[in-house]
Structure formats: C-alpha cells, structure tokens
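Heads up: the structure comes next, in structure tokens.
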Amino acid sequence: MRFAPSPTGNLHAGNVRTALLNWIFAKQQNGVLILRIEDTDQVRHVIGSEEGIATDLNWLGIEWSEGPDVGGEFGPYRQSDRLKIHEEYAERLLREGSAYKCYCSEEELQMEREKALANRLPPRYNGKCRDLSAEEEKKKISEEIKPVLRFKVREGEVSFVDLIKGEISWKLDNIGDFVILRSNGMPSYNFAVVIDDALMKISHVIRGEGHVSNTPRQLLIYEALGFKIPKFAHTPTILNKEKKTLSKRHGALSIKRYREEGYIPDALVNYLSLLSWSSESGDDILSRERIVDEFSFSRMSSSSAVFDDDKLLWMNGQYIRALKSEDLLNLSLPILENSGYTTQNLESTAKILEAVKGNLTKMSDLPQYVELFYKSEVEPDGAAERELIEKEESKQVFNNFINGVEKYNEISADDFKEIMKQVQNDTGIKGKNLWMPVRIALTGQSHGPELPMLIEFFGKEEVVSRIKKVMGS
RNA sequence: GGCGCGUUCGUCUAAUGGUUUAGGACGCUGGCCUCUCACGCCGGUAAUAGGGGUUCGACUCCCCUACGCGCUACCA
C-alpha cells in the first residue's frame, strides 16, 4: 500500500481519508505502508508542506514504514529523486516502439484543441508526430524544438475490476496519445506513478475517485512494460457543506485546524472511517482496532459523502467523555495554562475538569467553562440575577441554608442534597426559587455545572463566605 | 462535445429481488432527570431523483432522461 500526496499544501479531510484507508488496509493485511511524495510539478510545490503532511499524519496515528524520512529498500521516496529511473523506462518505451517523440508546440496543440471543440469533436491529440519520417524528424531537431515523449495508445479496450466500484472499461479510441515525458525532462504523473508503484511493489492502489479516468492510461503503461498490475480501489470524494470538492485553499476542513482546536485524533479517525463505509454491526463509535478488524472494501459505498462538522463535533464529545481523567488532565493542562489559569493543584484541577467534561465537544471550548472556578470574587451577572438574590424569599433560603451547613465540618455532594431538602422543608420554598439563589450567590451566573459538584469543589468555608457576602450586600 | 463514475431522510448510512408500515446515527424537536447550560434516557420529524421496462414481487436488475462529479493538460 502507499499513500502518495503531492506537496502542494496542507492535508485536508479528503487526503487524510485516503491515507487512513491505506493505513487501515495495510494494518489489516499485515502489509507495509509507503509514503511517497509526488513532487514532479515544481510550479505547484509548496515549501514546508512535506513536513506539514508528516505532522498531520503523525498526529492522527497514521504511521508508515517506508518514506522520505525513514528510508526503505525501494527508495528514493521523493518522486523528483527518481528522475533517472523514469528516464530509463521512458527510453525503453521509445526503443520498443511504444512511445514516440512529439515536436508539436503548445500553441499548435492549443489551436488543434480549439478547432476540434468548435467542430464538436473530442479534443484529443491527433497523432501528428506518431509516424514522422526520419527526414521530418531531422528537420524538427534542427529547429531545436524540445520534444515531449508520447505514449502510443493501441487499439481495442482496457478494463479492470475496482475493489469499490466493480468492473470499469474503456474503448481506447477515446484516448489520445498522452505525454509521458515533458519537454523539461520531467515525467508526467500518469507515467511516474506506474513506474514507482511497480518498482515499489505496490499491491493495492487506494486513491481518490478522481483517478479513475487516469487508470486506463496507466494500465496501458503497465501492459507495455510487462509490469504486474496492482489492485485498484477508488474512494469516493469527500465534499464540504456546500457540496463542493475539497480544495486546499481557505484551510477548509484542514487537519491542522482540527489539531489546533483540540480534537481527539481517535475521534477524527473514527468519523473519517465512517465516510462511505459502515461497520456491519451498525455501530458508530468504533475503536481503531475494530475499524482495522472490520473494514472491507465491499462495505464501501461508491458515492461521494458530505463532511458533516456537527456529527464530528458530537463524536469528539463522545471521545472526550470517554477519556480517563488522567488523560483528560494531560490534554487540558497546556490549554488551561495558555489561557492563564494556574494548574498547580492537580487534584482540584481534575475536579474542575470532571465537572465540565459533559459540556465539552472540543478541547478549545475548555477555558470558557472553567472560568468560574478560578474567580475568587463573584458578582451577580446581570439585573435579573441581582434581583433574584435580593428577594425576601431568597434571604430565607440563605439563612436556612447557612444554618444547615454549619452542622457539618465538611460538606459532600450528598450532604448538600440533604441540606437542600431540609431547607425546602423548613421554608416551603422549592424548585427554581430554592436552587437559583444558591447558584447565583455561589457563581454569579444562572448557568453552570451541577450544584452538588460545585459545592464539593468550593468546600464549606468558601460556600459560607460567598453566601454571607451576598446576604450582606 | 466525448468517455467514465455517481444519485435512499437536511447530513452520514443500513437494507446486495420477498424477513420493510424502508432501519440506525448526527441535526432539529417534545418529554424526563428536585435549578440552569450540558450529559444521559425515552419519544417525534424526515428519504429510495424522474420515466419506462424485466419479474408473481424492485431501493436492489436493465434502458432512457435529469442533475452532480471526474478525465479529456508538457497538473497531481
């Protein structure tokens, strides 16, 4: 298996899904995953994107055993470093008569194309230079035109069985002689992939559906060179909310963004695995082990899927809630410190996290939920809150509550519930009128985590002092 | 234009000719959980693109149309 991204920007959900599928399948088959960088287009090459790709994959736990960084017996793993190899095979095709030099200029070709289009004909290369006589060729050479190498497409048809889409076939008269070596000496994509995949002994080519139409050209090259043809699996496209195919611009659905916003890698992996694939069990929350174990191409749908951020968010929340408190703590510490909160006391930090765990769908939400735990002074949030705690009824609640609390040395969550029951009995006040004054006195806000949990966190003294403060004002 | 691929609730999907009043999940929504925001639990909403065939029977097979996407590059 191999994942072969081009270094033209950050990884997005589509790229990464392909990488993930390769990883899953390699893992399941006890196979080897190769990372190969396809950088034959220097114009679109973006500096630093190779590192970015590695960072994203590492973060998601997609590991490869051969690649430009780790080496391996089938290297080099950067396509631009394989030029000699590509040239060698191009020459062989030329020698064997499967390819020929073409001297047509871009302007010429462009004109031909427009003419064909105007006549409502397929805009294909017309094979002009296919059978150039020795004389004509000599003339072209003397004109110092740098030729490209074109592959001579045979007659008949080609077909293959896609692991996801089933049998696909083409009549070859629909395909024009295509370029395998550009005039600058660089191989074209369709040529280089075949050489590299064959030489790296790739057994399964798992790639995006956009490549389906490239496959007949590649099959022809495999054929001409006598290479063993790998199995192909073309994965459906992932679309954004506007149902457009993902682009590298605008950072849309970029993996980097998910990493920075504190998504759990496992959650993203899980969500991505469920795009165009489903477990036979019907379960949604699946561990990596289960995905690897249960995956099969036959359960993959062949239509494109829209990436749904809402569902990802939900799933991420599920993973956060399932986190062991130790792991949650480790994940949270840097975020809290970044927001300026002191986390010296690990025990109490863990308690805070436990209290807000249920509210989180992504870790970057954490600061807004923990704020009230770090405040030492509390002021009622708004007019409505202020009004409520100044009501006569509320003062009754406070008095009674303090009396109740004083009977304890420490108050646990259960003690608190007992006390509240007692207050309700004594005052006859219940429901909102009973609980809200306490909440506001303690936190200043009408929203927040469960009160018993809060009480336990603050402890008796803090609780009493906060209530007294409100009563005095 | 040609060729290829695709089309089940808003979204991800299940059902690979009969077990189906088309199932689950997200979202939305109603209720419950002594207060709120959440969590959790229980319920509701909503789909086979359209038209022809084949068949006793079609989401499932075939054809046509529509729509979307890809390739048709000296991009990958």
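So that the names make sense, note that chain A is the first sequence line, chain B the second, and so on, each numbered from 1. Just so you know, these numbers come straight off a predicted model, no measurement behind them.
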Nearest-angstrom distance from the residue atom CD1 of A:I238 to P of B:G6: 18 Å
Heavy-atom donor-acceptor pair, A:N270 side chain to A:D284 backbone, under 3.5 Å: yes
Side chain of A:R321 (C-beta onward), nearest among B:C71, B:C26, B:G40: B:G40
Closest listed nucleotide, where the reference is the side chain of A:L275 and the choices are B:C12, B:A76, B:G40: B:C12
Among B:U11, B:U72, B:A14, the one nearest A:R217 by side-chain distance: B:U72
Residue A:N359, side-chain heavy atoms: nucleotide from B:A38, B:C35, B:G10 that is nearest: B:A38
Nucleotide paired to B:U8 in any strand shown, Watson-Crick or G-U, under 3.5 Å: none
Cation-aromatic face contact A:R466/A:F458, 6.0 Å, 45 degrees: yes
Check: A:A413 main-chain N/O paired with A:E456 side-chain donor or acceptor under 3.5 Å: yes
Residue mapping more 5' on RNA chain B - nearest nucleotide basis, A:R150 or A:K243: A:K243
For B:G1, the Watson-Crick or wobble partner whose two distances fall under 3.5 Å: B:U72
Cation-pi geometry met for A:R36 and A:F3 (6.0 Å, 45°): no
Opposite nucleotide pairing with B:U55, Watson-Crick or G-U, both atom distances under 3.5 Å: none
Selection from B:C35, B:A14, B:U11 that lies nearest to any side-chain heavy atom of A:W435: B:C35
Side chain of A:D310 (C-beta onward), nearest among B:C37, B:G27, B:C12: B:G27
Separation of B:G70 C1' from A:Y189 OH (nearest whole Å): 13 Å
Selection from B:G6, B:C26, B:C74 that lies nearest to any side-chain heavy atom of A:S183: B:C74
Touch class at under 4.0 angstrom, heavy-atom based, for A:G448 against every strand present: base
Rounded interatomic separation in angstrom, taking CG from A:L451 and C1' from B:U36: 9 Å
Touch class at under 4.0 angstrom, heavy-atom based, for A:V148 against every strand present: base
A:T215 side chain vs A:H211 backbone, donor-acceptor pair below 3.5 Å: yes
Side chain of A:K244 - closest among B:C69, B:G6, B:U36: B:C69
Side-chain donor/acceptor of A:K171 to backbone N/O of A:G156, under 3.5 Å: no
Closest to the A:M436 side chain, choosing from B:G2, B:U36, B:A76: B:U36
Sugar-phosphate only, base, or nothing, as touched by A:E450 at under 4.0 Å among non-hydrogen atoms: base
Any donor-acceptor N/O pair under 3.5 Å between B:A76 base and A:N214 side chain: yes
For atom OH of A:Y100 and atom C1' of B:C74, their distance in whole Å: 13 Å
Side-chain N or O of A:S304 closer than 4.0 Å to phosphate OP1/OP2 of B:C69: no
Heavy-atom side-chain contact between A:Y77 and A:L35 under 4.5 Å: no
For B:A49, the Watson-Crick or wobble partner whose two distances fall under 3.5 Å: B:U65
Sugar-phosphate, base or nothing in reach of A:H211, heavy atoms under 4.0 Å: base
Aromatic-base stack, A:W314 on B:C26, cutoff 5.5 Å, angle under 30: no
Length of the line joining A:N10:CG and B:A76:C1', which is rounded to integer Å: 17 Å
Touch class at under 4.0 angstrom, heavy-atom based, for A:T215 against every strand present: nothing
B:C37 pairs with, by Watson-Crick or G-U criteria that keep both distances under 3.5 Å: none
5' priority, RNA chain B, between A:S302 and A:K432 [closest heavy atom]: A:S302
Under 3.5 Å donor-acceptor, A:D162 side chain and A:I168 backbone: no
Distance, rounded to the nearest Å, where A:Q368 contributes CD and B:U36 contributes P: 20 Å
A:H447 side chain, from C-beta outward: closest of B:C5, B:C37, B:C69: B:C37
Watson-Crick or G-U wobble mate for B:A15, both contacts under 3.5 Å: none
Sugar-phosphate only, base, or nothing, as touched by A:S169 at under 4.0 Å among non-hydrogen atoms: sugar-phosphate
Distance, rounded to the nearest Å, where A:L312 contributes CG and B:U13 contributes P: 14 Å
Sugar-phosphate, base or nothing in reach of A:Q318, heavy atoms under 4.0 Å: sugar-phosphate
Sugar-phosphate only, base, or nothing, as touched by A:R207 at under 4.0 Å among non-hydrogen atoms: nothing
